[in-house]
Amino acid sequence: MGGSGVQEGGGKMTVSVMVVDDHPMWREGVARDLAERGFEIVATAGDAASAVRIAKAVRPNVVLMDLNLGELSGVDATLMITGELPETRVLVLSASGEHDDVLQAVKAGASGYLVKSASADELVEAVSRTAAGDAVFTAGLAGLVLGEYRRMAAAPDDSKDKPELTERETEVLRLVAKGLTARQIANRLVISHRTVENHVQSTLRKLQLHNRVELARYAIEHGLDSEPEAER
Amino acid sequence: MPKLPAERVTKVIDDPATPLWRGVIALRIVTFLFAAANVIANQSGYIRPWLAWTTLGVMALWSVFTSRAYSTTWGRRWPLVLVDLAFTCGLMLLSPLIMSDHQLLMLNVPLITTIWACVPAVALGALGGSFAGFAGGLTVGLFTYLSKGLPGLDLLRDVVLLAGAGMVVGMASATARRSAVLLAQAQRTEAATAERERLARSIHDSVLQVLARVRKRGLEVGGEAAELAMLAGEQEVALRNLVAAAPDSTVDGEIDLRPGLQLLATPRIQVSTPATQVMLTAGTAVELHSLVREALSNVDKHAGEDARAWVLLEDLGEEIVLSVRDDGPGIPEGRIASAAREGRMGIEKSIKGRVESLGGTLELQTGPGEGTEWEVRVFRKGAAR
């Protein structure tokens, strides 16, 4: 197992992948599917704590993350992995329609989301695109992200750093949520395919940045409030 | 009392006014001490000191008895509290026999029962609410007047204090009972939710994983396995939606529109919603839900078996936006209008009619090869238009 991320393999870049899922049958199945399609499976993990530990050691290009992992959730693991390893991308693979969980994972730094019922081809494409730095947006995720921006806009606190969508980003997200492909969106809005991708990625980045700032602020406030002796 | 500990515990918890009853008992003991001090201070002037001491002894016994009774739910009942009221008032009426006229009318010496007499009024409040407490206070006040036989400002003050105290305790007791009911409801809901989550987790960990795997491998193997895979896939989506859909939560007649919509999802139909509740009046939610179902069945009928569909729910605060899009061949221009002319009012009537009755707007975007997209905008009731 190579420790470094992207490796040269016959002139073609090999994407190293780590599969995190608490269900052994699923974990092995996905790992085999991906290995058959030329991905390098560098590690698997069955719980969030070991996922974080192993990810730090093997530094994979892509982590396929299940959210339902027991005590420490996939959301926590996503936050830790993307915080520690800026080069590693996390793709959430979720079996149930846990809407809030998926949103939390994306806010924590996941760059995409795929339902487990997706076909092997869809999975392969999603992993490749994630490795290439694209955001893998399903219609469902677009609906969640749109809802989150609107929830924040409607929230009573009027902090200045609240992220907002531009008109174009809203337009793009709505079309993604209505099931249009990036190409169809590009055609309809008469913009390039790349621009569509950039808009989509930007909506995620703003959300993730805001989330990190909020978490840091929360930690500082509560660290000072609850443990004054720590200052001594 | 031969009661099982468990039964006792539940009984005491069952009565949310228990702290008030403890207050009643404390009041009874404190006021009895005051009454005893009153007898000691004024006995030299009494015309029948022996009756004063006897009455005080009866009051002591009655205090002990009612305190024991009021500390159980057995004793917190109308008959006992009313007997308490009658008994206390009866003792109060002994005052003219004990005290001299001079004490009673000139010196303004307290009656034999003194402020001990206020306890039944407070107990009535704790038992029956503010009206019962008020009435109890008035009754005690009335008997104070009957015992003294002379109206006056002091007497009026006592009556107001008694009735007021009874009423305030009554309100507190009613509030405690209401809160207890609400708390019990909340606890039941919480227990149901926890159980639901436990079920969801175990279904997720077992059945869903297997179904998803079967579907995936079956499709890859192909042939007959692919058919089985399709069946497994349909059940997987249905089960996933069933597990994910939160129970209908009703807040002031409003329900969350999301769970109903999420149940419409199939492998070919994607339903996208916000992660937070979208609360609407029940009537509006039901109408919108039927409308989406109508639009989706229209997809099945006209866009072909392989067409996929997407439902998007957006909450803009004052406005709800629902979009239903399919990737079918689209509705040729004039089809809807000609269908209306021919009297086949399917879409026209169901969708347009429903939207109009909700005071919303409907936009249809379609064309050959472009699929069909319905966008419904409905204003929230109460929101400014």
Side-chain angles (χ1 to χ4, degrees), chain A residues 21-30 32-33 36 66-70 93-104 106-107 115-123 138-151 153-155 170 173-181 184 188, chain B residues 197 200-201 203-217 219-220 229 232-234 236-237 239-246 258 262 265 267 269-278 308-318 321 323-327 365 370-371 373 375:
Chain A
D21 199 304
D22 62 343
H23 205 275
M25 189 182 85
W26 178 267
R27 195 165 64 220
E28 302 314 325
V30 167
R32 198 180 53 228
D33 283 351
E36 280 170 9
D66 181 28
L67 292 182
N68 234 323
L69 294 176
L93 199 57
S94 170
S96 46
E98 303 138 310
H99 297 109
D100 196 47
D101 270 24
V102 171
L103 182 64
Q104 294 311 323
V106 165
K107 284 169 75 176
V115 280
K116 279 193 172 171
S117 50
S119 69
D121 287 338
E122 285 172 310
L123 177 66
T138 56
L141 179 55
L144 290 171
V145 171
L146 268 178
E148 179 66 5
Y149 274 101
R150 282 169 181 152
R151 184 190 67 75
T170 308
L173 272 189
R174 292 192 74 213
L175 292 176
V176 174
K178 290 176 188 177
L180 277 80
T181 64
Q184 286 171 320
R188 198 185 271 203
Chain B
E197 276 169 7
R201 217 170 299 127
I203 288 175
H204 167 268
D205 286 347
S206 53
V207 188
L208 274 179
Q209 304 273 354
V210 174
L211 284 178
R213 191 76 200 136
V214 167
R215 171 182 139 93
K216 214 150 152 300
R217 285 305 293 175
L219 283 178
E220 284 158 15
E234 275 164 28
E236 180 209 340
V237 173
L239 192 57
R240 169 148 39 98
N241 292 325
L242 205 60
V243 167
R258 299 175 310 149
Q262 277 154 2
I269 299 170
Q270 159 77 43
V271 178
S272 308
T273 67
T276 44
Q277 291 185 325
V278 179
R308 297 175 60 189
W310 292 267
V311 177
L312 172 62
L313 169 64
E314 295 168 277
D315 184 352
L316 305 186
E318 292 185 350
V321 185
S323 317
V324 180
R325 178 182 166 268
D326 68 62
D327 62 358
Q365 200 176 357
E370 274 187 42
E373 183 179 329
E375 189 173 288

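The chains referred to below are lettered A, B, ... by the order of the sequence lines, with proteins before strands, and numbering in each begins at 1. Note that the structure is predicted; figures quoted are calculated from it, not measured.
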Charged N-O contact under 4.0 Å between B:E236 and A:K116
no
Compare every heavy atom of B:R325 with every heavy atom of A:K178, then report the nearest pair and how far apart it is.
O-NH1, 2.7 Å
Salt bridge (charged side-chain N to carboxylate O under 4.0 Å, His left out) between A:R188 and B:E373, intermediate numbers included:
CA-CA 14 Å; A:R188 198 185 271 203; B:E373 183 179 329; 3.7 Å; yes
Check B:W310 against A:A177 and note the closest heavy-atom contact, atom names and distance.
CB-O, 4.0 Å
Nearest heavy-atom approach of B:A275 to A:D100 is CB-OD1, 3.8 Å
Looking at every non-hydrogen atom in both residues, tell me the closest pair between B:S272 and A:A139 and how far apart they are.
OG-O, 3.1 Å
For B:E375 and A:R174, what are the C-alpha separation, side-chain angles and deciding distance, and is it a side chain to side chain contact (heavy atoms under 4.5 Å, CB included)?
CA-CA 12 Å; B:E375 189 173 288; A:R174 292 192 74 213; 3.2 Å; yes
Can you find a pair of side-chain heavy atoms, one from A:M25 and one from B:V210, that are under 4.5 Å apart?
yes
Would you give the length of the straight line joining atom CG of B:L313 to atom CG of A:L146, rounded to the nearest 0.5 angstrom?
11.0 Å
Proximity breakdown for A:L141 and chain B, heavy-atom pairs closer than 4.5 Å
neither
Partner chain A: residue of B:L312, B:T276, B:V321 with the largest heavy-atom pair count (under 4.5 Å):
B:L312
Let's test your reading of the structure: which of A:A142, A:A120, A:S119 forms the most heavy-atom pairs below 4.5 Å with chain B?
A:A120
Minimal non-hydrogen separation, B:P274 against A:G147, with atom names
CB-CA, 3.8 Å
Using non-hydrogen atoms and a 4.5 Å limit, figure out which bit of B:R213 sits close to chain A: side chain, backbone, both or neither.
both
Is it the side chain or the backbone of A:R27 that comes within 4.5 Å of chain B heavy atoms, both, or neither?
neither
Are the side chains of B:K216 and A:D33 in touch, meaning some heavy atoms are under 4.5 Å apart?
yes
B:R308 versus chain A, the contacting section by heavy-atom distance below 4.5 Å:
neither
Side chain, backbone, both or neither: which part of B:V324 has a heavy atom under 4.5 Å from chain A?
neither
Contacting region of A:Q104 [heavy-atom separation from chain B under 4.5 Å]
neither
